[in-house]
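Working notes, beginning with the structure itself.
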2 protein chains.
Amino acid sequence: MNNIYKVCDIMNNNISKIIGEKISKLRKEKGISLSKLAELAKISKSTLSSIESGNANPTISTLWAIADALNVPFGELLPKEFNEVDESGITVKLIEQSEGKPKIEVYLMKLEPNSVREAKPHKKGVIEKVLVIKGKMVVGSKSSPKCLKVGEEIEFCGDVPHIYKALDEEVSAIVVLYYFPMEIVKIKSLF
Amino acid sequence: MNNIYKVCDIMNNNISKIIGEKISKLRKEKGISLSKLAELAKISKSTLSSIESGNANPTISTLWAIADALNVPFGELLPKEFNEVDESGITVKLIEQSEGKPKIEVYLMKLEPNSVREAKPHKKGVIEKVLVIKGKMVVGSKSSPKCLKVGEEIEFCGDVPHIYKALDEEVSAIVVLYYFPMEIVKIKSLF
DNA sequence: ATATATTGTTCATTATATAGAACAAAAATA
DNA sequence: TATTTTTGTTCTATATAATGAACAATATAT
């Protein structure tokens, strides 16, 4: 038993546990029994039982059959992605990235009401754009943040400490990082 | 849901084939050999070989290890989800939606080189914003579309026929739909 | 040119995911 | 009430996913 197996086992356990819980939750929401779901998915009860209890490492075909039987998209069974970070009520998910000129990263940021994130400076020459999709937030350089509402956007140099703060409702925003040297700080109100 | 794929893909090919092709494609894009990827993912060459060739039914832990080694989110290896529409080289995926005022929908649009999409008018009072993340594209109302490159964005009334056209490289763009009555058409160049 | 390393595939072996039967407990039936 | 059905779990047996070695074909190095 070497390290590789050890690592695999640990990883596997976490994923399996999350998947198992999701399946169990979805099944109960649909109000069907484990036996019934196994029958619908055309897999054995024992297999489904071990998957739901988290002591399994199911194959893709088995999972697919379960998703199909539950009538949910496959991704519904999976844990949150690696690129999805959750800290103190703020979730950041990488949507898209490009290695062009400039290099770009696009994130979907979700903030629970009144949550705050203080971000350390990025490298010199990083421009950050924030476009508010839902709610109201205060965002920008820590020294002079601006209040934005739905549809508004801000751009600022990412190389200084900056802040994201949701007001008293849930907030969604698209955050775009441009990696190249510039110095623009402006705010644009669309509506 | 998955029924669609069951009918369209799985009956003929199968999930394994699709997954195998995706992994192979992603690996070649990264420019690494099968042997190297197997090493990175800490799985055997033979396993990876059979997965890529479509003659396998991998476990979730194996797939997870491969996604991790490729440095892509797990979902990247899977067939497209239900919210992802593919037509003539253009993929549109719903990223986020909000029922606020205005109602907003955010999409990630990916266009293969030289692909074109002509969209029918939305309802009156829909404003559409397009932010280019990668490549160059021609976008806007069909009568007066504009050419945008990375970092540039356009807003236009969605209630007229409009067009999305990639130039000779792959294009990614964030598309935001605002559902409320207004009449703005403007273009803003950031860089 | 020869030697060495790396490519991806195929095979036998090993590890393990799934199936199927047996089981007790809880519901549902009579 | 007693009987039957259905619940989810836990075994053993079987099917198969993953491994590691052997392989020919290329590529790289000496």
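Every chain is numbered from 1, with letters handed out A, B, ... down the list of sequences. Predicted model only: the values in this text are computed from it and were never measured.
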With a non-hydrogen cut-off below 4.0 angstrom, is [X] in contact with a base, only sugar-phosphate, or nothing?
X       : value
A/Leu48 : nothing
B/Thr62 : sugar-phosphate
A/Ser53 : nothing

Send over the distance from [X] [atom1] to [N] [atom2], rounded to a whole Å.
X       : N      : atom1 : atom2 : value
A/Ile43 : D/dT14 : CD1   : P     : 21 Å
A/Glu39 : C/dA19 : CD    : P     : 14 Å
A/Ile19 : C/dA17 : CD1   : P     : 13 Å
B/Lys36 : D/dT26 : NZ    : C1'   : 19 Å
B/Leu63 : D/dA18 : CG    : C1'   : 13 Å
A/Leu37 : D/dT6  : CG    : C1'   : 15 Å
B/Ile66 : D/dA17 : CD1   : P     : 14 Å
A/Leu34 : D/dT10 : CG    : P     : 12 Å

From [options], pick the nucleotide closest to the side chain of [X]?
X       : options                : answer
A/Lys45 : D/dA18, D/dT7, C/dG8   : D/dT7
A/Arg27 : C/dA19, D/dA18, D/dG8  : D/dG8
A/Ser49 : D/dA21, D/dT10, D/dA18 : D/dT10
B/Asn57 : C/dG8, D/dG8, D/dA17   : D/dA17
A/Thr59 : C/dA17, C/dT10, D/dT7  : C/dA17

Practice prompt. Decide yes or no, distance alone: a donor-acceptor N/O pair under 3.5 angstrom between the base of D/dG20 and the side-chain of B/Ser46.
Written response: yes
Worksheet item: Considering heavy-atom distances to DNA chain C, does A/Ile51 or B/Asn55 have its closest nucleotide positioned more toward the 5' end?
Response: B/Asn55
For [N], does either OP1 or OP2 sit under 4.0 Å from a side-chain N or O belonging to [X]?
X       : N      : answer
A/Ser33 : D/dT7  : yes
B/Thr47 : D/dT19 : yes
A/Ser35 : D/dT7  : yes

Discussion item. I'd like to know if the side chain of B/Ser53 pairs up with that of B/Ser50 as donor and acceptor (distance under 3.5 Å, no hydrogens or angles considered).
Written reply: no
Lys/Arg-Asp/Glu bridge criterion (N-O < 4.0 Å) met for [X], [Y]:
X        : Y        : value
B/Glu21  : B/Lys25  : no
A/Lys146 : A/Glu152 : no
B/Glu76  : B/Lys22  : no

Item to complete: Would you check if B/Lys165 and B/Arg117 make a side-chain contact, meaning some heavy-atom pair closer than 4.5 Å?
Response: no
Item to complete: Rounded to the nearest 0.5 Å, what's the gap from CG on B/Leu78 to CG on B/Leu63? Could you check?
Response: 7.5 Å
